[in-house]
2 protein chains.
Amino acid sequence: MLRYSEIKNILKSHKLSVTVVRVDVLEFFIRENRALSFKDLEDEFKDSDRVTLYRTLNSFTDNGVLHKIPDDSGFATYGLCHDTCSSEDHNHDHMHFKCNKCGTIECLNLHIPPVKVPGYQVTEANLILKGICNNCAAA
Amino acid sequence: MLRYSEIKNILKSHKLSVTVVRVDVLEFFIRENRALSFKDLEDEFKDSDRVTLYRTLNSFTDNGVLHKIPDDSGFATYGLCHDTCSSEDHNHDHMHFKCNKCGTIECLNLHIPPVKVPGYQVTEANLILKGICNNCAAA
DNA sequence: TATCAAATTGCAACAAAATTGCATTTATTA
DNA sequence: TAATAAATGCAATTTTGTTGCAATTTGATA
Ligand SMILES: [Mn+2]
Ligand SMILES: [Mn+2]
Ligand SMILES: [Zn+2]
Ligand SMILES: [Zn+2]
């Protein structure tokens with residue numbers, strides 16, 4: 001659990017003004033320690049306005065607080081960026097994992113090795129693994 | 001360009017009845033040789049009913065004719081499965097490429113090397129590369 | 001701390017995307 | 001060809017996401 005002062009610093013360092021909703025949402029992401037969907041936010045912040053939550057996700061993504069994780073479900077999920085991300089430079093060369101049992105999507109601390117494809121200029125790679133997560137495997 | 005008889009066989013071998021819409025859509029996928037979105041179908045088949053197109057994509061995906069390709073745009077795209085895919089066994093260990101210039105998404109004939117993550121049971125991997133595609137790089 | 005411009009929020013309306021129910025048509029099998 | 005099952009087309013509905021705008025909050029400055 002992060003202090004308010006630290007949450008505030010994260011927002012400021014990403015050039016975002018500090019508002020109640022933003023602090024709450026960011027704190028939620030840090031506390032949950034997993035990728036979250038819009039629906040997750042809606043469930044958690046029942047009295048917040050939908051539009052504000054959408055806009056929060058968007059400004060967080062624009063400013064390098066969150067990154068979108070590709071998914072074939074049709075629902076984007078968002079994961080916390082590394083400290084170094086900004087609106088200028090998003091950098092996400094880590095793998096993601098989606099559990100087929102509990103549905104959780106997480107950022108893995110594993111680097112995606114560079115891939116070369118003849119004739120193509122590859123500038124970005126997204127690797128999404130699926131299977132049974134740590135928790136579900138142990139249970 | 002595939003013959004009607006061949007298209008028909010693909011449908012039959014995937015336990016799908018042969019209808020006008022299904023033949024047209026499958027032929028379109030084969031002809032285009034790239035991943036297609038719902039919008040692509042809607043544009044191509046202007047007089048077809050949207051609902052039928054949605055249902056076609058779903059039954060194709062259920063029965064192993066198409067596979068969904070994860071994307072962070074919010075719009076699913078679909079690629080042709082290998083002959084061996086069925087409703088029982090979808091198998092897609094190949095990479096995908098999305099071009100940032102022309103927007104085309106394609107299935108690459110490149111196998112994703114197996115990834116091991118300690119404590120996790122990995123059963124599937126999706127690798128989506130981005131950059132400049134073959135065509136756009138040449139132009 | 002008081003003031004003020006700029007940004008964010010909440011609400012309503014709107015637009016887009018996807019789903020459902022059902023009557024009609026089409027395909028498959030016998 | 002007839003009977004059965006499945007797919008289609010249409011209308012209505014739901015879900016998801018966006019836009020405009022007035023009210024509120026924030027951050028900077030005096
Ligand atoms: Mn991540
Ligand atoms: Mn593919
Ligand atoms: Zn799990
Ligand atoms: Zn291209």
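Numbers restart at 1 for each chain; the letters A, B, ... are given by sequence-line order, proteins then strands.
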Does a side-chain heavy-atom distance below 4.5 Å link [X] with [Y]?
X        : Y        : answer
B/Arg50  : B/Glu42  : yes
A/Val115 : B/Leu127 : yes
B/Phe97  : A/Val122 : yes

Does any residue of residues 46-57 of chain A have a heavy atom under 4.0 Å from DNA chain D, and if so, which ones, in number order?
-> A/Arg50, A/Val51, A/Tyr54, A/Arg55

Round to the nearest Å and state the distance from [X] atom [atom1] to [N] atom [atom2].
X       : N      : atom1 : atom2 : answer
B/Lys8  : C/dT26 : NZ    : P     : 18 Å
A/His14 : C/dT8  : NE2   : C1'   : 19 Å
B/Ile7  : C/dA27 : CD1   : P     : 16 Å
A/Leu16 : C/dA7  : CG    : P     : 12 Å
A/Asn58 : D/dT18 : CG    : C1'   : 10 Å
A/Leu26 : C/dT8  : CG    : P     : 15 Å
B/Phe60 : D/dA7  : CZ    : P     : 11 Å
B/Asp43 : C/dA16 : CG    : C1'   : 14 Å

Just to confirm, is there a sub-4.0 Å distance from OP1 or OP2 of C/dT8 to any side-chain nitrogen or oxygen of A/Ser17?
->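 Yes, A/Ser17 has a side-chain N/O under 4.0 Å of OP1/OP2 on C/dT8.
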
For the residue pair A/Phe75 and A/Phe38, is the inter-centroid distance of their aromatic rings smaller than 6.0 Å?
-> no

So, for A/Phe28 and A/Phe45, is the gap between ring centers shorter than 6.0 Å?
-> yes

Charged N to carboxylate O under 4.0 angstrom, B/Asp72 versus B/Lys130?
->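 The answer is yes: the pair qualifies as a salt bridge.
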
Per atom distances to the B/Arg22 side chain, the nearest of C/dT19, C/dT9, D/dT8 is D/dT8

Whichever of B/Val20 and A/Lys15 has its nearest DNA chain C nucleotide further upstream toward 5' |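 It is A/Lys15 whose nearest nucleotide is closer to the 5' end.
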
Pick from B/Leu66, B/Leu16, B/Val65: which one makes a side chain to side chain contact (heavy atoms under 4.5 Å, CB included) with B/Ser59?
-> B/Leu16

